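The structure appears right after this line, and notes come after that.
Labels below follow one simple rule: chain letters A, B, ... track the order of the sequence lines, proteins then strands, and each chain is numbered from 1. Keep in mind the model is a prediction, meaning the values are calculated, not measured.
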Number of protein chains: 2
Amino acid sequence: MATRTDAPTRREQILKEAARLFAERGFHGVGVDEIGAAVGISGPGLYRHFAGKDAMLAELLVGISGQLLKGAKRRLAEADGSSGPTEVLDSLIEGHIDFALDDRPLITLHDRELDRLRDSDRKLVRQLQRQYVELWVEVVRQVYPALAEPTARSAVHSVFGLLNSTPHLGRSGSLPGRGATAALLHRMARGAFEAVGA
Amino acid sequence: MATRTDAPTRREQILKEAARLFAERGFHGVGVDEIGAAVGISGPGLYRHFAGKDAMLAELLVGISGQLLKGAKRRLAEADGSSGPTEVLDSLIEGHIDFALDDRPLITLHDRELDRLRDSDRKLVRQLQRQYVELWVEVVRQVYPALAEPTARSAVHSVFGLLNSTPHLGRSGSLPGRGATAALLHRMARGAFEAVGA
DNA sequence: CAGGGAGGTTAGCGCTCGTTAACCTGTGGG
DNA sequence: CCCACAGGTTAACGAGCGCTAACCTCCCTG
């Protein structure tokens with residue numbers, strides 16, 4: 001697994017807190033002083049680690065998109081040959097759910113603050129997102145060959161909406177436990193695809 | 001139907017444009033001068049119609065929540081007795097889809113800028129939202145009696161995520177037409193519920 | 001032991017933005 | 001005819017915020 005046990009670097013602390021604050025109150029609703037305070041330093045000290053507030057957002061969004069895509073590609077490669085498209089789709093769903101449950105702030109940012117990026121960064125993020133979507137679309141059409149491509153794409157976007165609803169599912173208190181929530185989302189996603197593909 | 005054929009009042013113009021701009025660039029990302037320009041007047045002229053920028057957002061969010069709840073109650077009352085719970089659920093889904101397709105900017109605002117409201121307004125909106133959710137939960141549990149209440153509530157929130165994904169479905173260009181999109185969303189929503197309720 | 005860079009600090013500049021003040025203009029009723 | 005008011009205008013103020021400047025202090029290395 002190569003999980004990292006190192007202490008998180010200052011940069012990572014900052015990114016994590018910035019993600020949380022941006023998700024809670026929006027990019028423009030958070031000041032640099034607040035981000036600094038969240039990691040124990042104050043205001044302009046952040047500029048030793050980032051070129052500016054925009055750079056933090058950019059790194060967050062590019063990171064999310066890249067991580068999602070990378071994970072999906074890995075799952076696709078792992079399952080290649082050894083299992084059918086249905087298992088691959090299940091694996092994609094599982095990966096997306098893990099992400100939605102573990103990194104709720106990032107999921108929130110993902111489709112909320114994209115317009116605040118510089119043109120080049122926004123294009124990069126959009127490209128990564130599109131690749132991710134197209135990868136899903138291919139797998140979905142293997143499982144449900146009757147689906148036309150535009151329909152499959154719309155269905156994929158809608159299922160993302162479903163899976164990304166985790167920030168609205170109670171403030172992580174009233175949930176029936178992480179495993180149960182993951183299973184619920186998984187069944188609903190499969191059911192949604194099934195309803196349009198069969 | 002009592003559809004209104006009057007010309008929209010200035011207040012309504014402002015609210016509509018403000019909703020669009022807030023949805024596009026966020027509450028803090030839009031200046032009052034921009035909102036004014038969008039309706040042909042400039043900057044501070046808005047203060048003849050609203051107490052402030054916050055008041056516009058408040059009126060928008062309270063309006064959305066109230067309208068959604070009102071529509072749902074009406075549909076519930078109309079179908080009472082004359083049809084089974086399945087038809088009521090279909091009617092609720094249909095109403096929510098109409099709203100998501102016709103007022104995309106408002107749907108976007110609905111779960112994005114709630115924290116910017118004054119405490120009293122935010123509590124009001126939250127209360128309206130909760131009533132709306134509980135109304136759905138009751139109907140869902142009538143259709144699928146096997147569902148425990150917390151599970152049903154999570155499922156409802158997730159379906160809202162699915163239905164509210166319309167802003168991500170192409171910029172209203174590549175869709176296969178409004179009717180087809182509505183039908184797609186409807187089938188997926190029903191499939192998602194079916195997958196956890198049966 | 002010198003010194004230099006990494007990583008902080010506080011002070012403050014400059015710009016943006018919400019809001020207010022003061023003023024103007026058409027229009028409809030007494 | 002007048003005048004009050006609805007609905008605009010521009011000027012300007014004040015607060016907040018991103019960012020820079022200038023400085024300080026460890027710690028690590030030659």
Show the atom names and distances, to 0.1 Å, of all donor-acceptor pairs under 3.5 Å that link a side chain in residues 183-190 of chain A to residues at least two apart or in another chain.
{"unit_1": "His186(A)", "atom_1": "NE2", "unit_2": "Asp90(A)", "atom_2": "OD1", "d": "2.8"}
{"unit_1": "Arg190(A)", "atom_1": "NH1", "unit_2": "Asp90(A)", "atom_2": "OD1", "d": "2.9"}
{"unit_1": "Arg190(A)", "atom_1": "NH1", "unit_2": "Asp90(A)", "atom_2": "OD2", "d": "3.2"}

Under 3.5 Å, which donor-acceptor pairs link side chains of residues 68-76 of chain A to any protein atom two or more places apart or in another chain?
{"unit_1": "Arg74(A)", "atom_1": "NH1", "unit_2": "Glu78(A)", "atom_2": "OE2", "d": "3.2"}
{"unit_1": "Arg75(A)", "atom_1": "NH1", "unit_2": "Ser91(A)", "atom_2": "O", "d": "3.1"}
{"unit_1": "Arg75(A)", "atom_1": "NH1", "unit_2": "Ser91(A)", "atom_2": "OG", "d": "3.0"}

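Between Phe160(B) and Tyr132(B), the ring planes lie parallel to each other; the angle is under 30°, not in the 30° to 60° tilted range.
The shortest distance between side-chain heavy atoms of Leu147(A) and Phe193(A) does not fall below 4.5 Å. When side chains are defined from C-beta on, Gln142(A) does not count as touching Val88(A), because their heavy atoms never get closer than 4.5 Å. Using a 4.5 Å cut-off on side-chain heavy atoms (C-beta onward), Val159(A) and Val140(A) make no contact.
With sequence neighbours excluded, the residues forming a ring pair (Phe, Tyr, Trp, His ring centres under 6.0 Å) with Phe22(B) are Phe27(B), listed by chain and number. Residues satisfying the side-chain hydrogen bond (donor to acceptor under 3.5 Å, both in side chains) criterion with Tyr144(B), sequence neighbours excluded, are Glu194(B). Looking at residues two or more places apart in sequence or on another chain, you find a side-chain hydrogen bond (donor to acceptor under 3.5 Å, both in side chains) between Glu149(B) and Arg153(B). Ser42(A) is linked by a side-chain contact (heavy atoms from CB on, under 4.5 Å) to nothing, counting only residues two or more places apart in sequence or in another chain.
Contacts between residues 117-125 of chain A and DNA chain D, defined by a heavy-atom separation under 4.0 Å, are absent.
Spacing between atom CD1 of Ile35(B) and atom C1' of dG8(D) amounts to 17 Å, rounded to whole angstrom units. Atom C1' of nucleotide dG8(D) and atom CZ of Arg11(B) are separated by 17 Å, given to the nearest angstrom.
Among residue pairs with one or both ends in residues 36-62 of chain A, none qualify as ring-ring contact (aromatic ring centres under 6.0 Å, His included); sequence neighbours excluded. Identified under the salt bridge (charged side-chain N to carboxylate O under 4.0 Å, His left out) test for residues 36-45 of chain B, with sequence neighbours left out: none.
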Show the distances under 3.5 angstrom between N or O atoms of the protein and N or O atoms of nucleotides 6-8 of chain C.
{"unit_1": "dG8(C)", "atom_1": "OP1", "unit_2": "Arg10(A)", "atom_2": "NH1", "d": "2.6"}
{"unit_1": "dG8(C)", "atom_1": "OP2", "unit_2": "His49(A)", "atom_2": "NE2", "d": "2.8"}
{"unit_1": "dG8(C)", "atom_1": "N7", "unit_2": "Arg48(A)", "atom_2": "NE", "d": "3.0"}
{"unit_1": "dG8(C)", "atom_1": "O6", "unit_2": "Arg48(A)", "atom_2": "NH2", "d": "2.2"}

Any N/O pairs under 3.5 Å between the protein and nucleotides 16-19 of chain D? List them or say none.
{"unit_1": "dG18(D)", "atom_1": "OP1", "unit_2": "Val30(A)", "atom_2": "O", "d": "3.2"}
{"unit_1": "dG18(D)", "atom_1": "OP1", "unit_2": "Lys53(A)", "atom_2": "NZ", "d": "2.7"}
{"unit_1": "dG18(D)", "atom_1": "OP2", "unit_2": "Val32(A)", "atom_2": "N", "d": "2.8"}
{"unit_1": "dC19(D)", "atom_1": "OP2", "unit_2": "Tyr47(A)", "atom_2": "OH", "d": "2.5"}
{"unit_1": "dC19(D)", "atom_1": "OP2", "unit_2": "Lys53(A)", "atom_2": "N", "d": "2.9"}
{"unit_1": "dC19(D)", "atom_1": "O5'", "unit_2": "Tyr47(A)", "atom_2": "OH", "d": "3.2"}

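Rounded to 10°, the helix from dC1(C)-dG30(D) to dG30(C)-dC1(D) has 10° between the axis fitted to its first five pairs and the one fitted to its last five.
Defined by atom type and a distance below 3.5 Å, a donor-acceptor pair is present between the side-chain atoms of Arg118(B) and Ser120(B).
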